[in-house]
Q: 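The following block contains the structure, expressed as structure tokens.
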Amino acid sequence: MSDRALEQSLRRATRADLSDLPIEVAPRLLGGEVRTTVNGEEVHLRITEVEAYHGLGTGPVVDPGSHARMGQTARNSTMWGHPGHLYVYLSHGIHSCVNVVCGPEGNAGGVLLRAGEIVAGVDVAGARRALGERVPPMRDLARGPGRLGQALGLRYPHHDGIDAINGVELAGARAELWLGPPLTDIATGPRVGVAGIAGTSAFPWRFWVNGDRTVSPFRWGRGAAEASALLN
DNA sequence: AGTAAGATCCAC
DNA sequence: TGGATCTTACTT
């Protein structure tokens, strides 16, 4: 299928698409797109890698790796908001990472967008990602959650909570979420950089497009390799 | 009030 | 492999 035909098979996500548990919604986002317009500059990102995060009481098992594991706080309150809003948080004091809020209304949950391919607005994304003179190669423009957030132009705290269903402007930005037909070749595994048991195969809540070059490399979280060895 | 760790990235 | 950089949440 041509890129144009593929693009035309996409449709705007609805709230209903995102009202199931994060582990159910996460694989549905693969092959879809996030489109942002920030300060008049538009970028389209094809999603190739995601991770599901639950909240306290969301789903049949507690997720010890989620920001929402301890209940609602000022930082994570967006995770309790409407499905289709974006939870943007600051990682390591530097990187703005983007989640799609999902799950039954009133429950916390989200899907972290970990990597993707820039399919429109490559120049804009490249300029945002450039460090000095050096512009990263195409493959690395949105490979990893920090890079992805930067490429899309979404930043903490200004854009935390932005509505990607209705495309409501917030702090000079608009965001849209588009979904495609279900993909058949999806891989799963432990989440990247998540500490302890939550970062092991006991929580195979990372989903990616099998064989896609833009998927980020795997890395154990603190204590996760040790915990994984004990699982046997 | 102090501190440790964090859903990361980049250069050495 | 370690430094950047800062917020959050837990400890004293």
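No hydrogens, no waters, no symmetry mates; every other heavy atom, side chains included, goes into these values. Residue numbers begin at 1 in each chain, while the letters A, B, ... track the order of the sequences.
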Q: Whole-Å distance between dA9(C) C1' and Gln72(A) CD?
A: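 One finds 16 Å between C1' of dA9(C) and CD of Gln72(A), rounded.
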Q: If the condition is salt bridge (charged side-chain N to carboxylate O under 4.0 Å, His left out), which residues does Glu226(A) pass it with, not counting sequence neighbours?
A: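 Listed in chain order: nothing, the list is empty.
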Q: What pattern of brackets, bars and dots sums up DNA chain C from 5' to 3', given Watson-Crick or G-U wobble pairs under 3.5 Å, [ ] for crossing pairs and | for another strand?
A: ||||.||||||.
Q: With the 4.5 Å side-chain cut-off for hydrophobic clustering, are Leu45(A) and Val111(A) part of the same group?
A: yes
Q: Ignoring hydrogens, what is the shortest heavy-atom contact between Ile162(A) and Ala173(A)? Give both atom names and the distance.
A: CD1-O, 3.5 Å
Q: Test: side chain to side chain donor-acceptor pair (under 3.5 Å). Region: residues 105-120 of chain A. Which pairs qualify, not counting sequence neighbours?
A: Arg46(A)-Glu117(A), Glu49(A)-Arg114(A), His82(A)-Glu105(A), Arg114(A)-Ser216(A)
Q: Under 3.5 Å, which donor-acceptor pairs do the side chains of residues 193-205 of chain A form with other protein atoms, sequence neighbours left out?
A:
from	atom 1	to	atom 2	distance (Å)
Thr200(A)	OG1	Ile197(A)	O	2.7
Thr200(A)	OG1	Ala202(A)	N	3.1

Q: Please tabulate the protein-to-nucleotide N/O contacts below 3.5 Å involving nucleotides 7-12 of chain B, giving atom names and distances.
A:
from	atom 1	to	atom 2	distance (Å)
dA7(B)	OP1	His67(A)	NE2	2.7
dA7(B)	N7	His67(A)	NE2	3.1
dA7(B)	N1	Asn99(A)	OD1	2.5
dA7(B)	N1	Asn99(A)	ND2	3.4
dA7(B)	N3	Tyr89(A)	OH	3.1
dT8(B)	OP1	Arg114(A)	NH1	3.2
dT8(B)	OP1	Arg219(A)	NH2	3.1
dT8(B)	OP2	Arg219(A)	NH2	2.8
dT8(B)	O4'	Ser91(A)	OG	3.4
dT8(B)	O3'	Gly146(A)	N	3.4
dT8(B)	O2	His95(A)	NE2	2.9
dC9(B)	OP1	Gly144(A)	O	3.3
dC9(B)	OP1	Pro145(A)	N	3.2
dC9(B)	OP1	Gly146(A)	N	2.9
dC9(B)	OP1	Arg147(A)	N	3.2
dC9(B)	O4'	His95(A)	NE2	2.9
dC10(B)	OP1	Arg129(A)	NH1	2.9
dC10(B)	OP1	Arg129(A)	NH2	3.3
dC10(B)	OP2	Arg147(A)	NE	2.6
dC10(B)	OP2	Arg147(A)	NH2	2.4

Q: Suppose you measure atom P in dG2(C) against the same atom in dA5(B); what distance do you get, rounded to whole Å?
A: 15 Å
Q: Honestly curious: do Leu177(A) and Leu113(A) fall in one hydrophobic cluster under the side-chain, below-4.5 Å linking rule?
A: yes
Q: Donor-acceptor pair, Arg143(A) side chain versus Val215(A) backbone, under 3.5 Å?
A: yes
Q: Donor-acceptor pairs under 3.5 angstrom involving side-chain atoms of residues 90-99 of chain A: please list them, not counting sequence neighbours.
A:
from	atom 1	to	atom 2	distance (Å)
Ser96(A)	OG	Tyr156(A)	N	2.8
Asn99(A)	OD1	Leu112(A)	N	3.4
Asn99(A)	ND2	Tyr87(A)	O	3.2

